[in-house]
Amino acid sequence: MEISMPPPQIYVEKTLAIIKPDIVDKEEEIQDIILRSGFTIVQRRKLHLSPEHCSNFYVEQYGKMFFPNLTAYMSSGPLVVMILARHKAISYWKELLGPSNTLVAKETHPDSLRAIYGTDDLRNALHGSNDFAAAEREIRFMFPEVIIEPIPVGQAAKDYLNLYVTPTLLEGLTALCKEKPADPFIWLADWLLKNNPNKPKLCHNLSAEEP
């Protein structure tokens with residue numbers, strides 16, 4: 001009796017990476033290391049965060065002694081944020097980064113990115129999400145329009161469609177009925193491209209430079 005095997009599946013995980021202000025000039029060589037390590041750079045933005053935005057991003061560190069210095073450091077200049085994807089992206093990126101304290105990294109993981117590019121325990125060059133929950137929160141913070149896997153199903157999917165898809169689609173179909181174009185499919189596709197509410201937008205308090 002022949003046993004049918006399930007088709008192989010590839011699970012792709014995402015994590016957030018940040019090149020911090022003092023090594024932004026090393027972005028090109030760091031991206032080269034990232035790509036050679038099997039990651040895909042899904043999205044990239046260059047931002048200059050305000051101290052308030054840094055405080056919100058590092059909210060879990062609030063109250064710790066280093067918190068004021070951390071927010072001052074992270075808001076001191078432009079930084080580069082990236083969504084990285086690959087199998088077990090979170091753990092592989094953390095392994096590539098090395099210990100969070102650069103001085104420890106230089107002793108125990110001299111080939112890690114923080115050992116190479118970091119300066120001390122605060123200026124450790126790069127950031128990586130600690131776990132899946134942190135990655136989801138941090139990606140949504142830096143890339144508000146992105147959809148995080150797993151894609152919602154059931155009631156969550158209905159809620160998403162009702163909130164983000166149905167209103168725009170209904171408006172487009174209404175305009176289509178009024179216009180009565182010769183080729184309704186092409187007309188609606190063009191209309192949706194022009195009126196897509198999920199086009200990348202920049203927050204007023206964030207300055208961004210795209211590549």
Side-chain angles (χ1 to χ4, degrees), residues 13-28 30-31 34 39 41-85 89-91 93-94 96-105 112-114 116-149 152 156 159-160 163-164 167 196-211:
E13 190 173 75
K14 293 178 182 176
T15 190
L16 185 80
I18 299 178
I19 301 176
K20 297 183 178 181
D22 53 330
I23 64 155
V24 165
D25 61 326
K26 303 292 185 182
E27 177 190 355
E28 187 173 336
I30 291 172
Q31 285 190 4
I34 288 170
F39 292 93
I41 300 175
V42 179
Q43 290 195 47
R44 171 204 173 274
R45 296 179 73 190
K46 191 173 185 180
L47 308 171
H48 193 158
L49 299 179
S50 67
E52 291 76 18
H53 277 92
C54 291
S55 297
N56 292 334
F57 181 78
Y58 285 106
V59 64
E60 294 178 355
Q61 308 293 341
Y62 183 78
K64 296 183 179 179
M65 291 288 291
F66 60 82
F67 185 76
N69 290 335
L70 175 63
T71 56
Y73 164 49
M74 291 299 291
S75 61
S76 63
L79 47 81
V80 174
V81 293
M82 295 173 286
I83 301 175
L84 306 184
I90 296 170
S91 60
W93 179 236
K94 287 174 66 177
L96 194 60
L97 289 177
S100 59
N101 187 319
T102 295
L103 303 179
V104 173
S112 66
L113 293 178
R114 284 172 173 155
I116 296 169
Y117 295 103
T119 305
D120 52 36
D121 57 341
L122 176 65
R123 293 180 290 275
N124 63 357
L126 297 128
H127 168 85
S129 305
N130 278 327
D131 50 38
F132 181 82
E136 183 176 3
R137 182 187 72 81
E138 292 172 359
I139 289 172
R140 288 190 187 281
F141 185 95
M142 295 296 185
F143 299 89
E145 306 299 335
V146 78
I147 298 176
I148 310 289
E149 284 84 357
D159 292 342
Y160 181 88
L163 185 60
Y164 296 107
N196 177 11
N198 295 318
K199 286 180 182 177
K201 299 174 184 176
L202 302 181
C203 300
H204 293 298
N205 294 327
L206 295 176
S207 61
E209 302 172 20
E210 302 299 341

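Everything quoted here is computed from the prediction, not taken from an experiment.
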Within 45 degrees of the axis of the six-membered ring of F143 and under 6.0 Å from its centre: does R44 put its NZ or CZ there? no

Start with the C-alpha gap between K14 and I90, add the side-chain angles, then the distance that decides, and say whether side chain to side chain contact (heavy atoms under 4.5 Å, CB included) holds. CA-CA 7 Å; K14 293 178 182 176; I90 296 170; over 6 Å; no

Do K94 and T15 have side chains that approach each other closer than 4.5 Å (heavy atoms only, starting at C-beta)? no

Could you check whether any side-chain N or O of N124 sits under 3.5 Å from a backbone N or O of S100, counting only pairs where one atom can act as donor and the other as acceptor? yes

Determine all donor-acceptor pairs shorter than 3.5 Å in which one atom belongs to a side chain in residues 127-134; sequence neighbours excluded.
{"unit_1": "H127", "atom_1": "NE2", "unit_2": "E138", "atom_2": "OE1", "d": "3.0"}
{"unit_1": "H127", "atom_1": "NE2", "unit_2": "E138", "atom_2": "OE2", "d": "3.4"}
{"unit_1": "S129", "atom_1": "OG", "unit_2": "L16", "atom_2": "N", "d": "3.3"}
{"unit_1": "S129", "atom_1": "OG", "unit_2": "E138", "atom_2": "OE1", "d": "2.7"}
{"unit_1": "D131", "atom_1": "OD1", "unit_2": "A133", "atom_2": "N", "d": "3.3"}
{"unit_1": "D131", "atom_1": "OD1", "unit_2": "A134", "atom_2": "N", "d": "2.8"}

Kindly determine whether E60 and R137 satisfy side chain to side chain contact (heavy atoms under 4.5 Å, CB included), including the steps that lead there. CA-CA 12 Å; E60 294 178 355; R137 182 187 72 81; 4.3 Å; yes

Rounded to the nearest 0.5 Å, what separation is found between the OH atom of Y58 and the CG atom of L49? 9.0 Å

CZ-CD distance between F39 and E13, expressed to the nearest 0.5 angstrom: 9.5 Å

Given side chain to side chain contact (heavy atoms under 4.5 Å, CB included), test M142 with F57 step by step and report yes or no. CA-CA 9 Å; M142 295 296 185; F57 181 78; 3.8 Å; yes

If you look only at distance, which donor and acceptor atoms sit under 3.5 Å apart when one is on a side chain in residues 65-85 and the other is two or more places apart or in another chain?
{"unit_1": "T71", "atom_1": "OG1", "unit_2": "F67", "atom_2": "O", "d": "3.3"}
{"unit_1": "T71", "atom_1": "OG1", "unit_2": "P68", "atom_2": "O", "d": "3.0"}
{"unit_1": "Y73", "atom_1": "OH", "unit_2": "D22", "atom_2": "OD1", "d": "2.6"}
{"unit_1": "S75", "atom_1": "OG", "unit_2": "T71", "atom_2": "O", "d": "2.7"}
{"unit_1": "S75", "atom_1": "OG", "unit_2": "A72", "atom_2": "O", "d": "3.3"}
{"unit_1": "S76", "atom_1": "OG", "unit_2": "Y73", "atom_2": "O", "d": "2.6"}

Please check: side-chain N/O of R140 versus main-chain N/O of A135, any donor-acceptor pairing under 3.5 Å? no

Without swapping roles, check the side chain of R114 against the backbone of L97 for a donor-acceptor pair under 3.5 Å. no

Nearest 0.5 Å, what's the CD1-OG1 distance between I116 and T102? 11.5 Å

Output all residues satisfying side-chain hydrogen bond (donor to acceptor under 3.5 Å, both in side chains) with D120, sequence neighbours left out; order by chain, then residue number. R123

Would you give the length of the straight line joining atom OG of S112 to atom CG of L126, rounded to the nearest 0.5 angstrom? 9.5 Å

